[in-house]
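I have placed the structure first, in the form of structure tokens, so that the comments after it can refer back to it.
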Amino acid sequence: MGDKNGQVVAGGNGQGNRLDQLYYPTDMLIDKETDSLIICDWLNQRVVRWSRRSGTTQGEILIDNIKCWGLAMDDQRYLYISDYKKHEVRQYQIGDKNGTLVAGGNGEGAGLNQLNYPYYIFVDQQQAVYVSDNNNHRVMKWNKGAKEGIIVAGGQRQGNAPTQLSEPKGLFVDTLGTIYVADSWNHRVMRWPKGAKQGTVIVGGNGYGEGANRFKNLRGLSFDRHSNLYVIDYGNSRVQRFSIE
């Protein structure tokens with residue numbers, strides 16, 4: 001905290017497909033067990049791992065030929081990856097190349113057993129998978145072993161009413177099942193309590209713009225343990241932090 005300059009921990013050698021390069025990374029997580037970063041290297045269509053140990057100069061490929069966008073890891077260290085071209089989410093053991101289908105996988109569509117461009121994902125302690133189902137303008141919850149999902153936010157077509165979302169991206173779910181979602185093209189972050197039919201705006205919602213209470217197309221979001229919310233304000237090329245009650 002307080003640093004004015006960051007330190008490169010992965011990539012930094014221009015865009016490309018060498019093992020010391022990344023090409024439009026879209027998501028990442030920290031694997032504490034191996035003290036490494038796991039990164040969705042989007043335009044290289046691969047998931048790579050970079051050790052955080054000093055002296056690391058390149059990553060290793062965990063999974064290749066995957067149109068990944070979002071990543072998550074559960075308490076048992078299973079890795080979850082959304083494939084936005086196959087419209088599915090798969091669960092992987094580290095080292096496994098094939099994985100197990102846990103959401104979608106029935107082609108592009110709006111059925112409860114389908115997804116349409118799944119982007120970011122979140123996995124809770126019961127291994128339920130939450131998916132920002134971008135082109136269906138909804139958030140889906142797939143319980144462990146389920147053959148179809150449950151709509152838990154949006155799903156009322158694209159729009160900016162409290163019941164609607166517009167191309168949802170980043171997701172976070174707290175221990176009460178409250179969903180926080182980056183409502184990308186409505187330029188707002190919404191909070192949907194468990195079982196609610198509509199959400200409330202917690203930041204943004206003031207239109208497209210550059211002010212501190214405005215966004216230009218949201219991407220990822222995350223919380224720290226002090227309830228600070230961090231939002232990737234994509235169109236403004238910045239990360240914003242908010243204190244949330």
Side-chain angles (χ1 to χ4, degrees), residues 1-6 8-12 14-15 22-29 39-44 67-72 82 84-85 115-122 130-140 152-174 178-192 198-224 226-245:
M1 292 297 288
D3 279 359
K4 297 297 182 197
N5 296 296
V8 177
V9 290
Q15 68 186 39
L22 299 170
Y23 193 6
Y24 283 91
T26 54
D27 203 4
M28 59 144 285
L29 55 84
I39 303 164
C40 170
D41 190 7
W42 173 45
L43 284 187
N44 280 325
K67 296 224 165 100
C68 66
W69 190 280
L71 299 171
S82 64
Y84 67 93
K85 278 295 185 190
L115 299 167
N116 191 346
Y117 278 77
Y119 280 155
Y120 292 95
I121 51 182
F122 185 92
Y130 294 78
V131 187
S132 56
D133 191 8
N134 188 79
N135 288 12
N136 284 325
H137 314 292
R138 66 190 186 185
V139 177
M140 299 293 287
V152 289
Q156 303 293 318
R157 299 186 303 278
Q158 184 175 20
N160 61 7
T163 56
Q164 294 176 306
L165 297 169
S166 181
E167 298 195 14
K169 297 289 192 300
L171 276 180
F172 183 87
V173 184
D174 70 16
T178 304
I179 298 158
Y180 298 82
V181 55
D183 190 8
S184 178
W185 283 106
N186 285 324
H187 318 293
R188 65 190 185 185
V189 177
M190 301 281 285
R191 174 165 51 201
W192 290 65
Q198 64 181 47
T200 55
V201 178
I202 56 168
V203 292
N206 300 300
Y208 181 89
E210 297 173 4
N213 65 345
R214 293 174 184 260
F215 301 112
K216 289 182 179 178
N217 184 358
L218 301 181
R219 288 290 172 94
L221 58 76
S222 186
F223 279 92
D224 68 16
H226 304 297
S227 297
N228 292 307
L229 169 66
Y230 298 80
V231 184
I232 295 177
D233 186 5
Y234 181 75
N236 281 320
S237 307
R238 66 189 181 187
V239 179
Q240 293 219 62
R241 183 179 68 190
F242 301 89
S243 181
I244 302 296
E245 293 300 324

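Only this structure's heavy atoms are used, side chains among them; waters, hydrogens and symmetry mates stay out.
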Residues two or more places apart in sequence or in another chain: which of them pass side-chain hydrogen bond (donor to acceptor under 3.5 Å, both in side chains) with [X]?
X    : answer
N186 : D183
Y119 : none
S166 : Q158

What closest approach, in Å, do [X] and [Y] show between heavy atoms, and which atom pair accounts for it?
X    : Y    : answer
T26  : W69  : OG1-O, 2.9 Å
A10  : I39  : CB-CD1, 3.6 Å
G70  : S82  : N-OG, 2.8 Å
R188 : Q164 : NH2-O, 3.1 Å
L229 : V189 : CD2-CG1, 4.2 Å
P118 : V131 : CB-CG1, 3.5 Å

Next item on the list: Report yes if some heavy atom in the side chain of V231 is under 4.5 Å from a heavy atom in the side chain of F242; otherwise report no.
Entry: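 Of all side-chain heavy-atom pairs linking F242 with V231, at least one is under 4.5 Å.
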Next item on the list: Could you check if a side-chain atom of N236 sits within less than 4.5 angstrom of a side-chain atom of R214, using non-hydrogen atoms only?
Entry: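 Of all side-chain heavy-atom pairs linking R214 with N236, none is under 4.5 Å.
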Taking only distance into account, with no hydrogens and no angle test, what donor-acceptor pairs under 3.5 Å do side-chain atoms of residues 198-211 form with protein atoms, sequence neighbours excluded?
from	atom 1	to	atom 2	distance (Å)
N206	ND2	G204	O	3.3
N206	ND2	N213	O	2.9
E210	OE2	K216	NZ	3.1

Could you pull out all residues at least two apart from [X] that satisfy side chain to side chain contact (heavy atoms under 4.5 Å, CB included)?
X    : value
N217 : S184, W185, R219, Y234
K85  : K67, D83, Y117
D224 : H226, N228, Y230
V173 : F122, Y130, I179

Note to self: Tell me every residue that passes ring-ring contact (aromatic ring centres under 6.0 Å, His included) with Y180, counting only those two or more places apart in sequence or in another chain.
What the structure shows: F223
Which value, rounded to the nearest 0.5 Å, describes the distance between [X] atom [atom1] and [Y] atom [atom2]?
X    : Y    : atom1 : atom2 : answer
S227 : D174 : OG    : CG    : 9.5 Å
Q15  : D41  : CD    : CG    : 11.0 Å
H137 : Q156 : NE2   : CD    : 12.5 Å
I244 : R191 : CD1   : CZ    : 7.0 Å
N134 : N116 : CG    : CG    : 8.0 Å
R157 : T163 : CZ    : OG1   : 9.0 Å

Checklist line | side-chain contact (heavy atoms from CB on, under 4.5 Å) evaluation trace for F172 with L221 | finding: CA-CA 7 Å; F172 183 87; L221 58 76; 3.7 Å; yes
Item checked: D27: salt bridge (charged side-chain N to carboxylate O under 4.0 Å, His left out) partners, not counting sequence neighbours -> none
Checklist line | Residues that R238 engages under salt bridge (charged side-chain N to carboxylate O under 4.0 Å, His left out), provided they are two or more places apart | finding: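 By the salt bridge (charged side-chain N to carboxylate O under 4.0 Å, His left out) rule, R238 matches D233.
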Next item on the list: Would you mind telling me which of L171, L115, L165 makes a side-chain contact (heavy atoms from CB on, under 4.5 Å) with S132?
Entry: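 Of the listed options, the one satisfying the test is L171.
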